[in-house]
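Below you'll find the structure, written out as structure tokens, and then a few comments.
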Amino acid sequence: MTTALTHPPVEAKPASWFTGRSELIVSVLVLGLAVFLTVGTVTMAVPEGSGTPGPQFFPTIVAGLLYTLAVLLAVQVIRAPRTIDGDSNVGLSSDLLTDLGDIDTTSEIRVVRSSVHPTTKKRIGATDWRTTGTVFGALVGFTLILQPLGWLLAGAALFWAIARALGSNRPVFDIGVAIIFSSCIQLAFSAGLGLNLPSGILTGVLSWIN
Amino acid sequence: MDQLGLLLEGFSVALTPMNLLWLLIGAILGTAVGVLPGLGSAMAVALLLPVTFSLDPTGAFIMFASIYFGGLFGDSTSGILLNTPGNSSAIATTFEGHRMAKDGRASKALGTAAIGAFTGGMIATTLVVFFSPYLVKLATLFGPAEYFALAAFAFVAISAVVAESVVRGLIALAIGLSLAMVGIDGPSGAARFTLGMPEFLDGISIIVVTVGLLALGEVLHVASRIHREGPAMSIQASGSPYLSWREFTAAFPAFLRGTGYGLPFGAIPVGGSEVPTFLAYGTEKRLAKRRGDTDFGSRGAIQGVAGPEAAGNATAGTAMGALLALGLPTSATAAMMLAAFQQYGMQPGPLLFERSADLVWPLLASLFVGLVFLLIINLPFAAVWAKLLLVPKHYLYAGVAVFSVFGVYAIASSMKDLWLLLGIGVLGFVMRRFAIPLAPVLIAAILGPLAETELRRALAVSEGDLAILVSSPITASLYSVMAVAIVISAVQHVRHRRANAAAQAPISSSAL
């Protein structure tokens, strides 16, 4: 799945064939999932005496569905490219909701916001890969350092890094906020409710850790 | 009236000081998560699940009950004040609610929403108490074919009828089914899609899927646009939240109409409360037109908030009934409650009322108490909750991310779960980016195992004869309703496409 992030931003080239067709990556991923299911189903070690239909029955249906959908999506996207607009992530049928809610385009306040930034005039729909990548990197980094450094430091580092990436401009103040936040979780859940959190390099330094 | 006695016994458990404390904490936490933009009640349950790990089951479920409703009380706040609904179930409330806020009646809109949520929840919970024995009896008539039909109904409704694009809805559904297949296959014991890693034998936890898709996916989505978006304009909530007698008499029928729409939809798995809230909004709008009410659509009418909000919570109430009595989750939030039950080794369904009656009735009783608590902490203090919207976005989403990784790690202290969470978070981000609906993934991941097991059981009994799937009156009627829904949906799409083409609208591509 990480391929979607390292993928160079297609919007860089103006009006290339891929404009509005970047969703083809989803087709490829769906196809990949279908192939994975197929391989897993064919090579599955089926225990003896499993009844019919056995454990391979349902995966076969789902894999077939995925192949069909990958092709259908690709055809749709190639035939009718669409640019990603503002906040269309609800994913619900607008036709259905329009009929149910008696919505007309003039009187309802548009919940979907403008697709152009009011001051910078940048297109909002275009993904800010740098910020997204930084946040994702912070999450990967957290997962790597959690065991060796312990929750308190790793959690604080994650909070600080994401707050910074999302536009906080008080890095020193944020260190305090981050440490207080992760200490509160440690205190409430580990010392208070007895959940197990890794203490890492701070083991034994403070009595309420671990 | 056996139920009354049992319910009173339930109250005696729910009203002990310790359980009241859990109820209050749950109500506060649930409302807080609900108020935060982008997080709804499914997230509230998922994120707060680890909080309950060290409680006894009764205390834990009492807390869940109030978190569940608390999330629904809170989610209209950001819609009304910021015009950005926190959850898709709050969109319909936003239309008139934000108009009222712009007109200087923000507190009144928040108060109406709280009373609406209370009314809908109360009526729905009362019905659940009195009808649950009949639901349980109905459930005993259900065999493998009927359960499969129910699951298939849910799959089709959520991915093909309710979704914007049928292909994308079905893709989400198939992804959810794939996630559900990982691990040991129950009936045969075969290890499936584990890549040879023993960590995956237990399968992928639904909590990891929910937190990844909804919370981390949202954090990544916000990251992809936060530097390009204009700041949202917040309206200060001022004035009295209490309704005058005239306003109350205007809103009261709307509360009841909204509840009427919400009740049946809680029991049908179409992904939650979007459909009933829009139905309620549409009804109020048509009625306002007939009355000649000029406030509706200009200054904002109180009925436009009352109807949808009551519908949303009525749906949640009956969804709880369907979950407890049938074992059928009808929304993402109900699916999270199911995951919570499974965490404690319990399986909702007809047997739950027999085997765990000492848990079910306190849970139902605490729904009533929780609703009263929520009304008390929401109606007078709505403006205080709105202060949560002042938390800067960068701290808010940093906090959400840290709490997500904490919650997932706390389930099993497993690094595998954390990596999985990251992967599913990226999946959620990609799906948001391309407007692929998320709800079908959750419904498929939670109902997938049930659908598969029951399908195989039915076919094993009939020795492969597919006719068994449609042979009983229950399955036949379920499939007919499904067919009617598909036909209506197809007609609707064609009609709108024609209308769009006729208007030569530039947005015609979005109808796909």
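FYI, side chains are in, hydrogens and waters are out, and symmetry mates aren't considered; it's all heavy atoms of this structure.
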Task: B/Val430 versus A/Val26, closest heavy-atom pair with distance - done: CG1-CG2, 4.2 Å
TODO: For residues B/Asp185 and A/Phe58, determine if any side-chain heavy atom of one lies less than 4.5 Å from a side-chain heavy atom of the other.
DONE: no
Open item on the list: Is any side-chain heavy atom of A/Glu23 closer than 4.5 Å to one of B/Arg168?
Closed with: yes
- [ ] Flag yes if more than 12 heavy atoms outside A/Arg170 fall under 6.0 Å of its CZ atom; otherwise flag no.
- [x] no
Open item on the list: Which heavy atom of A/Ser168 sits nearest to which heavy atom of B/His394, and what is that distance?
Closed with: CB-CD2, 3.4 Å
Open item on the list: Does any backbone or side-chain atom of A/Val77 lie under 4.5 Å from a heavy atom of chain B? Answer side chain, backbone, both or neither.
Closed with: side chain
TODO: Kindly say whether A/Pro55 contributes a backbone atom to a donor-acceptor pair with the side chain of B/Arg192 at under 3.5 angstrom?
DONE: yes
- [ ] Determine whether A/Leu166 and B/Lys393 make a side-chain contact, defined as any pair of heavy atoms from C-beta on separated by less than 4.5 Å.
- [x] no
- [ ] Could you pull out the closest heavy-atom pair between A/Gly155 and B/Val402, with the gap in Å?
- [x] O-CG2, 3.8 Å
Task: residues 173-180 of chain A: residues contacting chain B (heavy atom under 4.5 Å, by number) - done: A/Phe173, A/Asp174, A/Val177
Open item on the list: Return the CE to OG distance between A/Met44 and B/Ser188, rounded to the nearest 0.5 Å.
Closed with: 8.0 Å
Task: Contact origin within A/Thr41 toward chain B - heavy atom pairs under 4.5 Å - done: both
Open item on the list: My understanding is that only residues two or more places apart in sequence, or in another chain, count here; which of them pass side-chain contact (heavy atoms from CB on, under 4.5 Å) with A/Leu144?
Closed with: A/Val140, B/Trp419
TODO: Below 4.5 Å from any heavy atom of chain B, which atoms of A/Leu37 appear? Answer side chain, backbone, both or neither.
DONE: both
TODO: Taking all non-hydrogen atoms of both residues into account, name the closest pair between A/Gln76 and B/Ser165 and its distance.
DONE: OE1-OG, 4.5 Å
- [ ] Return the option, out of B/Ala280, B/Gly169, B/Ala398, B/Ala172, with the maximum number of heavy-atom pairs under 4.5 Å with chain A.
- [x] B/Ala398
- [ ] Measure distances from B/Leu396 to the heavy atoms of chain A and classify the residue's part below 4.5 Å as side chain, backbone, both or neither.
- [x] neither
Task: Contact winner vs chain A - B/Ser489, B/Ser178, B/Ala92, heavy-atom pairs under 4.5 Å - done: B/Ser178
Task: Leading residue by heavy atom contact count with chain B [cutoff under 4.5 Å; candidates A/Gly54, A/Ala45, A/Ala34] - done: A/Gly54
- [ ] Please tell me if the side chains of A/Thr131 and B/Arg225 come closer than 4.5 Å, counting only heavy atoms from C-beta onward.
- [x] no
TODO: Using non-hydrogen atoms and a 4.5 Å limit, figure out which bit of B/Arg457 sits close to chain A: side chain, backbone, both or neither.
DONE: neither
Open item on the list: Classify the ring geometry of A/Trp129 against B/Phe429: parallel below 30°, tilted from 30° to 60°, perpendicular beyond 60°.
Closed with: perpendicular
TODO: Report the option among B/Ala460, B/Ala191, B/Pro392, B/Gly399 that has the most heavy-atom pairs separated by less than 4.5 Å from atoms of chain A.
DONE: B/Gly399
TODO: Tell me, out of A/Val135, A/Val39, A/Leu139, who's got the most heavy-atom pairs with chain B below 4.5 Å.
DONE: A/Leu139
- [ ] Give a yes or no on whether the ring-centroid distance for B/Phe406 and A/Trp151 is below 6.0 angstrom.
- [x] yes
Task: Intermediate values then yes/no, side chain to side chain contact (heavy atoms under 4.5 Å, CB included), A/Phe159 and B/Tyr395 - done: CA-CA 8 Å; A/Phe159 186 97; B/Tyr395 289 146; 3.8 Å; yes
Task: Side chains of B/Met415 and A/Thr143 in contact at under 4.5 Å (non-hydrogen atoms) - done: yes
Task: Heavy-atom side-chain proximity of A/Leu73 to B/Ile171 below 4.5 angstrom - done: yes
- [ ] Please flag which part of B/Ile488 lies under 4.5 Å from any non-hydrogen atom of chain A: side chain, backbone, both or neither.
- [x] neither
- [ ] Would you mind checking which part of B/Leu195 comes under 4.5 Å of any heavy atom in chain A, side chain (CB onward), backbone (N, CA, C, O), both or neither?
- [x] side chain
Task: Option in A/Ala154, A/Ala161, A/Ser182, A/Gly167 with maximal non-hydrogen atom pairs under 4.5 Å from chain B - done: A/Gly167
Open item on the list: How long is the straight-line distance from OG1 of A/Thr43 back to CZ of B/Phe193, given to the nearest 0.5 Å?
Closed with: 8.5 Å
TODO: Return the minimal non-hydrogen interatomic distance between B/Ala174 and A/Val62, and the atom names on each side.
DONE: O-CG1, 3.9 Å
